[in-house]
Each structure stands twice: as C-alpha cells, then as structure tokens.
**Student:** 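This is the structure I have questions about; it appears just below.
Here is how names work: the chains are called A, B, and so on, in the same order as the sequence lines, proteins then strands, and each is numbered from 1.
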2 protein chains.
Amino acid sequence: MATPLDSDDLLSALRKAGARITKPRKLIIQILADKGDEHPDAMEIFRRAVRQDSRISLPTVYRTLKMLEEHGAIQRHAFVDGRSRYEPADGPHHDHLIDMDTGAVIEFQSEKIERLQEEIARELGYEIVHHRLELYGRKTKV
Amino acid sequence: MATPLDSDDLLSALRKAGARITKPRKLIIQILADKGDEHPDAMEIFRRAVRQDSRISLPTVYRTLKMLEEHGAIQRHAFVDGRSRYEPADGPHHDHLIDMDTGAVIEFQSEKIERLQEEIARELGYEIVHHRLELYGRKTKV
DNA sequence: ATGCAAATGCAAACTATTTGCAATAAGGAA
DNA sequence: TTCCTTATTGCAAATAGTTTGCATTTGCAT
C-alpha cells in the first residue's frame, strides 16, 4: 500500500516541473500535506494560509492547486455540493462517504468491495483500471 | 437491469409531489426521458427546450431539475468539469462500468455490493441515502 | 368560467473559479 | 552578494454555473 505524498514530495513535483518554490506555494503545500483535516476545498486552504501569511491571495491558491493537479501531485474530487476538494495523490486507494448534512468526507476502504468489483467486471468481460465509489449518507440517530 | 423512469413516471412524480403540470415542465421531462443523448447538463436541456418553445427560461429548467431531484425522480451527477448532469433515476439502483477504449457505458447491479456498502456505512455510524459506483476498465483480451 | 396560489420569465445576485496586468520576488549569472 | 530576467503574485474584474426576488402569467379546483 502506497504512502500519500508528503510536503517534500509535493515540493519536488513543483521543482521537476521547473516551477519556482515561492513562499505562498510552500505554505499551500504544507497545508495540503497536513494530515489533520482531509479534503479541504480551495477556500478552506486559503483561510488556513491567511492565518500564517495574511498577504496570500485566493487566485494564488487556485493557481497552485491547478498546477499540482496537472502534475499529478494532488487529486481533485468533485462532489455534488459544487466545489472541488483536494488531497495529495498516490495514497492507498480508498473510497468516500460524504455526510450530506455537514459535507464532511470520510474515507474508508473495503477489501471485499474491491474484490466484488473485480469479479463483476470479469463476468462482464472487463478488467478494472480504476474506479470511484461514493456513498452519500446521514448520521444515524443515536 | 432496471428500466429507467420514463416520461409518465416523471410526470407522476410531480403529481405526487402536488406540483402543477405546466408546459415547461412537460417539455423538460420529455427531454429527460428521451433515450437519445445521455446525461445532459442544464444548459443542454435548456437549448433543446428552446428549440420546441422559445419562451422557456433557464431558471425554470434549473427549478424543475431541482424539484425532480428532490423527489428522487432524476439523479444528479457531479463531474470534475464543474457542472451537473442529469438522468432519470432507476427504480432499483444501478452502477456503471465505463469502457475506457470505446466510452461505452454498461449498467450493472450487485446485491452483494449494495449490502456491503450498507454495512460499511453502518459501521461508520451512517445511513446511506444514495451512492455512486463507477468502474473504469478495458475489455479483457480473448 | 373564474379566482387564486403556484409557476414563469426577466434581471440581478451568488458562488466557485479564472484571467489581465502592473508590481514583486525567485534564483541563476556575474 | 548583487544584479537581471522572468515567473509568480495580488488585486480587481471577468466567467461559468446556478439561484433568487418580483411582477406577471397560468394551471386547475371550484
């Protein structure tokens, strides 16, 4: 199982792309690599960045995210709420459970489901290259 | 494989919701139920509607889509390109296997996977409202 | 046929994201 | 280190997709 890209991996992705390592970029990468809260959207990344450097701008956040995405260093997810959420790429494969009330994204993985998918594809004469599974739900009353 | 809801099903979904069957709504539903091109977005639905009745407005398209979605009559999909695409909901849920070479979409359904999903959600303290599973694959060599 | 609430069309508002441009700063060369 | 070039930045304004306020129209129960 692969380890998610960390701060240094994201930085070298930029270097490999011939991009300059600027202060805003370092900050954004630091936030993306932070294991705290997963799948932040652009605005959330911006808010956290501002806390460390009030000069940073939202367009720069978007530009950096786009650049990292184009170089495969981070992954962009589109959920039904309209905005995009980001996470470092190449983590272990996982699927998402989206809390419909709060928008929280919970990761999970199930070996069984993965195997069932392979099986279904095989029956249909296919080989799975990649898949995406999203569950949308609400917290059960206690 | 389940049969997608047709024009009449969508209309009765509206009636059951106590909504009026207006001319714009009939038109939009007709377009949604049309088996021709799958997963149109709001603008595409609007363009097609205008061809039949130039008086129709984009907000009405959005309002109708939202209403149908809220009543489970159609399903909204969010892709990375930012806009939402719609399709008539199936009675029993179906998932998609996308042929990466031809773009063909194969529908399938697995009771086992559905049950595993419920189980996983329950363990996480959630109740699934709906889900989306997409497999991307290639035909296995014969 | 008539009345009234629901639905419509228009314009304008909103949200998420992108772009033009002058000012700034990264980082290689001297 | 200092200088120079050019990528990158921040700002403001533009776009794209979607939603909302409001006066007018229309479905449909009576």
Side-chain angles (χ1 to χ4, degrees), chain A residues 10-29 31-32 39-71 74-86 103 105, chain B residues 10-32 39-71 73-86:
Chain A
L10 296 178
L11 279 173
S12 34
L14 280 190
R15 279 199 199 87
K16 217 173 71 180
R20 289 176 182 176
I21 308 302
T22 66
K23 196 160 42 163
R25 283 178 181 165
K26 271 190 278 191
L27 222 187
I28 292 164
I29 279 175
I31 290 165
L32 282 168
H39 311 294
D41 61 20
M43 185 53 81
E44 174 61 24
I45 292 168
F46 172 64
R47 271 191 289 262
R48 292 196 216 171
V50 164
R51 291 210 286 266
Q52 313 238 173
D53 177 355
S54 63
R55 244 169 320 184
I56 205 166
S57 74
L58 188 51
T60 291
V61 170
Y62 275 108
R63 281 187 281 234
T64 301
L65 290 173
K66 184 182 236 177
M67 173 158 229
L68 288 168
E69 192 205 352
E70 279 167 353
H71 289 281
I74 63 172
Q75 176 121 15
R76 172 150 66 126
H77 297 284
F79 299 121
V80 278
D81 70 354
R83 64 212 123 127
S84 296
R85 293 156 171 274
Y86 304 82
V105 176
Chain B
L10 296 177
L11 280 173
S12 36
L14 280 190
R15 279 201 199 86
K16 216 174 72 180
R20 290 178 181 174
I21 309 302
T22 67
K23 195 161 44 164
R25 282 178 183 165
K26 270 189 279 192
L27 222 186
I28 292 164
I29 280 175
Q30 211 176 285
I31 290 165
L32 282 168
H39 310 293
D41 61 21
M43 185 53 81
E44 174 61 25
I45 292 168
F46 172 63
R47 272 190 289 262
R48 291 196 216 171
V50 164
R51 291 211 287 265
Q52 313 240 170
D53 178 355
S54 64
R55 246 169 317 185
I56 206 167
S57 74
L58 189 51
T60 291
V61 171
Y62 274 107
R63 281 187 280 234
T64 301
L65 289 172
K66 186 182 234 177
M67 173 156 229
L68 288 168
E69 192 205 352
E70 278 165 356
H71 289 281
I74 63 172
Q75 175 111 22
R76 173 150 66 125
H77 297 284
F79 296 115
V80 278
D81 71 355
R83 65 210 125 129
S84 297
R85 293 158 171 277
Y86 304 81

**Student:** Strictly below 4.0 Å: does B:Tyr62 bring a side-chain N or O up to OP1 or OP2 of D:dT19?
**Tutor:** no

**Student:** Could you give all pairs that pass the salt bridge (charged side-chain N to carboxylate O under 4.0 Å, His left out) test and reach residues 53-66 of chain A, with sequence neighbours left out?
**Tutor:** A:Asp53-A:Arg55

**Student:** Specify the closest pair of heavy atoms between B:Ala49 and B:Leu27, including all atoms of both residues, with the distance to one decimal.
**Tutor:** O-CD1, 3.6 Å

**Student:** Check the distance between C:dT8's C1' and B:Leu27's CG and give it to me in whole angstrom.
**Tutor:** 14 Å

**Student:** Provide the closest heavy-atom pair for A:Ser84 versus A:Asp41 in the form atom of the first, atom of the second, distance.
**Tutor:** O-CB, 3.2 Å

**Student:** Using a 4.0 Å cut-off on protein heavy atoms (strictly under), produce a 5'-to-3' string for nucleotides 3-11 of chain D with B for base contact, S for backbone-only sugar-phosphate contact, and - for none.
**Tutor:** ---BBSBBB

**Student:** Which pair of heavy atoms, one from B:Leu65 and one from B:Ile74, lies closest together, and at what distance?
**Tutor:** O-CD1, 3.5 Å

**Student:** Would you mind reading off the distance between B:Ile45 atom CD1 and D:dG17 atom P, rounded to a whole angstrom?
**Tutor:** 14 Å

**Student:** To the nearest Å, give me how far apart CZ (B:Phe46) and P (D:dT19) are.
**Tutor:** 15 Å

**Student:** Supply the atom-to-atom distance A:Tyr86 OH to A:Ile28 CD1, rounded to the nearest 0.5 angstrom.
**Tutor:** 11.0 Å

**Student:** side-chain hydrogen bond (donor to acceptor under 3.5 Å, both in side chains) with B:Ser12: which residues, sequence neighbours excluded?
**Tutor:** none

**Student:** Grab the CG-C1' distance between B:Leu68 and D:dT18 for me, whole Å please.
**Tutor:** 16 Å

**Student:** Measure CE/B:Met43 against C1'/D:dT19 and give the value in whole Å, please.
**Tutor:** 14 Å

**Student:** Grab the CZ-C1' distance between A:Arg83 and C:dT15 for me, whole Å please.
**Tutor:** 9 Å

**Student:** Donor-acceptor pairs under 3.5 angstrom involving side-chain atoms of residues 15-23 of chain A: please list them, not counting sequence neighbours.
**Tutor:**
| from | atom 1 | to | atom 2 | distance (Å) |
| --- | --- | --- | --- | --- |
| A:Thr22 | OG1 | A:Arg25 | N | 3.3 |

**Student:** With sequence neighbours left out, write down each residue that passes ring pair (Phe, Tyr, Trp, His ring centres under 6.0 Å) with B:His77, or none if nothing qualifies.
**Tutor:** B:His39

**Student:** Check whether any side-chain heavy atom of A:Leu14 lies under 4.5 Å from a side-chain heavy atom of A:Ile29, and answer yes or no.
**Tutor:** yes

**Student:** How close or far is atom P of D:dT20 from atom CG of B:Leu65, stated in whole angstroms?
**Tutor:** 14 Å

**Student:** So if I take the C1' atoms of five pairs at each end of the helix from C:dA1-D:dT30 to C:dA30-D:dT1 and get each local axis, what angle do the two axes make, rounded to 10 degrees?
**Tutor:** 30°

**Student:** Just the rounded figure in Å: distance from C1' of C:dT17 to CD of A:Glu70.
**Tutor:** 14 Å

